[in-house]
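To start, the structure under review is shown below, and the notes come after it.
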Amino acid sequence: MEMSYDLVIKNGTLVTASESYKGDLGIRDGRIVAQGEGLSAADEIDATGKLVMPGGIEAHCHIAQESATGGMTADDYRSGSISAAYGGNSCFVPFAAQHRHMGVLETLDLYDSRAEGASVIDYSYHLIVANPSEEALTRELPEAFRRGITSFKVFMTYDLMNIDDSQFLDILTVAKAHGALTMVHAENNGMIKWMSKRLLDKGLTAPRYHAVSHPALAEEEAIHRAISLAKLADAALMIVHVSTSEGADLVSRARLDGAKIHAETCPQYLFLTRQDLDRPGMEGAKFMCSPPVRDEATQAALWRHLEAGTFTVFSSDHAPYRFDETGKLANGPEATFKQIANGMPGIALRLPLLFSEGVVKGRISASQFVALSSTNAARLYGMLPTKGTLAIGADADIAIWDPKETRKVTVEDQYDNMDYTPFEGIELTGWPTTVLTRGIRVIDNGTLMVEPGHGRFVARAPGDFGPQPGHRAPELDPAQNFGADIAP
Ligand code: DUC
Ligand code: ZN
Ligand code: ZN
């Protein structure tokens, strides 16, 4: 019997995390049901000369989220998801941020109310845990897992958010018991506070001192400690937004040793430097994020780690605060670097930046691009094989890219609620032309095709974190030590 399809994507180059091949995709009821040649349907997309890839999964972004000091991001689930879709994403996983006075489940309810009916692409949340109370550890986190929230982030810095090492171990242990993934913002709180105070005492308050106050050593120390804690708990860990070569070296070493350590880096650490913070007046505030952007030598080292596989995921860390009194300038034009919101937008440009500088420039393959932008996030965060791949039976979450189109980035072409982009003026080759979520065109040749609410909540399964390819010390490997480690 001949299969019928709602939609066929014809004549494209299909790219997965492992290979590229010419073929057609048949889609029915929102899922990929066939791959082959000569498929046809009443509704067809001709993808001749285009790349047909799993839609991006943006796994680190801040949407409709208040900071601990109360500032709200400029993007909500409507504008954030539209901007993400224009940037080639068919799914995203923002944060649901617990603040210390809130319960975990209350936090999830709040974000449900913010996302429901608003998003144009599918979504889930990572939970941010700022108060790992007994109640949270024993009752609420297990309940969050049952609701399909299988990852959460903790902070080693920020007085209003950070947890101590033993609380970190508690969370790693609960996560391990459920197959959830702990994520960490790894910077040493004391070093940053100490540096900040000394700078402010000297009257050094401009945005450029933000970078000075977050030394690379603060990241290196915290990543080392986070890896050690994960090893002690024998738990998997994702180190988000790695910004230093020293931090990436530690991750790479830990992976070689067989620890289940994953890491992420972001476009700002590959494309911007601390010189951007030196712009006159408060302009530098546009480039403030934590951890801060570094220097050209660091950019080169992070690219090498990206090429070599140290980083499992490449995310935007979209944290949009406008350059006005609702955002960066909320504390006035004289604010010190401590009083300026940290973060920058990038949800729409993460993939074009990686494609142009990574794939077009020959640093990574198209399959590595798919792995870094979609498949690996789906695997770690419990969405494979429904999302993040072109397998039969997967959701038809697809991005069709024109690998030859060249455009210059301008703020006017952005669909977020921001009034600047830190990537203004960069010329990029390779842009998404059509993005589907569950077989429906969300973006088609520059036009938004769906209403807010097309996006649905994705209840996630436990992720797949390993095994790592590394080796154990022979003395500890039961297959090699002749039973010497087994007690008599
Ligand atoms: N951490 C993030 O992950 N994003 C924005 C700011 C921060 O500290
Ligand atoms: Zn962070
Ligand atoms: Zn972030």
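Along the sequence shown, residues are numbered consecutively beginning with 1. The basis for the numbers below is simple: all heavy atoms, side chains too, and nothing from hydrogens, waters or symmetry mates. Each ligand, and each atom within it, is numbered from 1 in the order the structure gives.
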task = Mark up the atoms of ligand 1 that fall under 4.0 Å of a heavy atom belonging to H60, in ascending order.
result = 2 (C), 3 (O)

query = Do any N/O/S atoms of C61 come under 2.8 Å of the Zn ion (ligand 3)?
reply = no

ask   = Heavy atom of F95 under 4.0 Å from ligand 1?
value = no

key: Any donor-acceptor N/O pair, S196 side chain to I192 backbone, under 3.5 Å   = yes

task = Look at the side chain of S243 and the backbone N and O of Y269, then say whether any donor-acceptor pair between them is shorter than 3.5 Å.
result = no

task = Identify the protein heavy atom lying closest to atom 1 (N) of ligand 1, giving its residue, its atom name and the separation to 0.1 Å.
result = H185 ND1, 3.3 Å

ask   = Given T73, T157, I128, D317, which one has a non-hydrogen atom that is nearest to atom 4 (N) of ligand 1?
value = D317

inquiry  = For atom 3 (O) of ligand 1, what is the closest protein heavy atom, and at what distance to 0.1 Å?
reply    = K153 NZ, 2.5 Å

Side chain to side chain donor-acceptor pair (under 3.5 Å) involving R225 - partner list, sequence neighbours excluded = D165, E221

key: Ring centroid separation H262 to F311 under 6.0 Å   = no

Where at least one partner belongs to residues 158-186, residue pairs that pass ring-ring contact (aromatic ring centres under 6.0 Å, His included), sequence neighbours excluded = F145-H178, F155-Y158, F155-H185, Y158-H185, H185-H241

2.8 Å cut-off (strict), protein N, O or S atoms about the Zn ion (ligand 2) = 3

key: Atoms in ligand 1 flagged as close to H62, the criterion being non-hydrogen separation under 4.0 Å   = 2 (C), 3 (O), 4 (N), 5 (C)

request  = Classify the contact between V240 and ligand 1 as side chain, backbone, both or neither, using a heavy-atom distance cut-off of under 4.0 Å.
outcome  = neither

query = So, T73 and Q65: side-chain donor and acceptor under 3.5 Å apart, yes or no?
reply = no

request  = On the 0 to 90° scale, with breaks at 30° and 60°, tag the Y77-F92 ring pair as parallel, tilted or perpendicular.
outcome  = perpendicular

query = How would you list all residue pairs meeting ring-ring contact (aromatic ring centres under 6.0 Å, His included) that involve residues 193-223, not counting sequence neighbours?
reply = H210-H214

task = Could you check whether the rings of F457 and Y125 sit parallel, tilted or perpendicular, using 30° and 60° as the cut-offs?
result = tilted

ask   = Going by distance alone, is a donor N or O of one side chain under 3.5 Å from an acceptor N or O of the other, for H62 and D75?
value = no

query = Which residue supplies the protein heavy atom nearest to atom 8 (O) of ligand 1, what is that atom called, and how far is it?
reply = Y158 OH, 2.5 Å

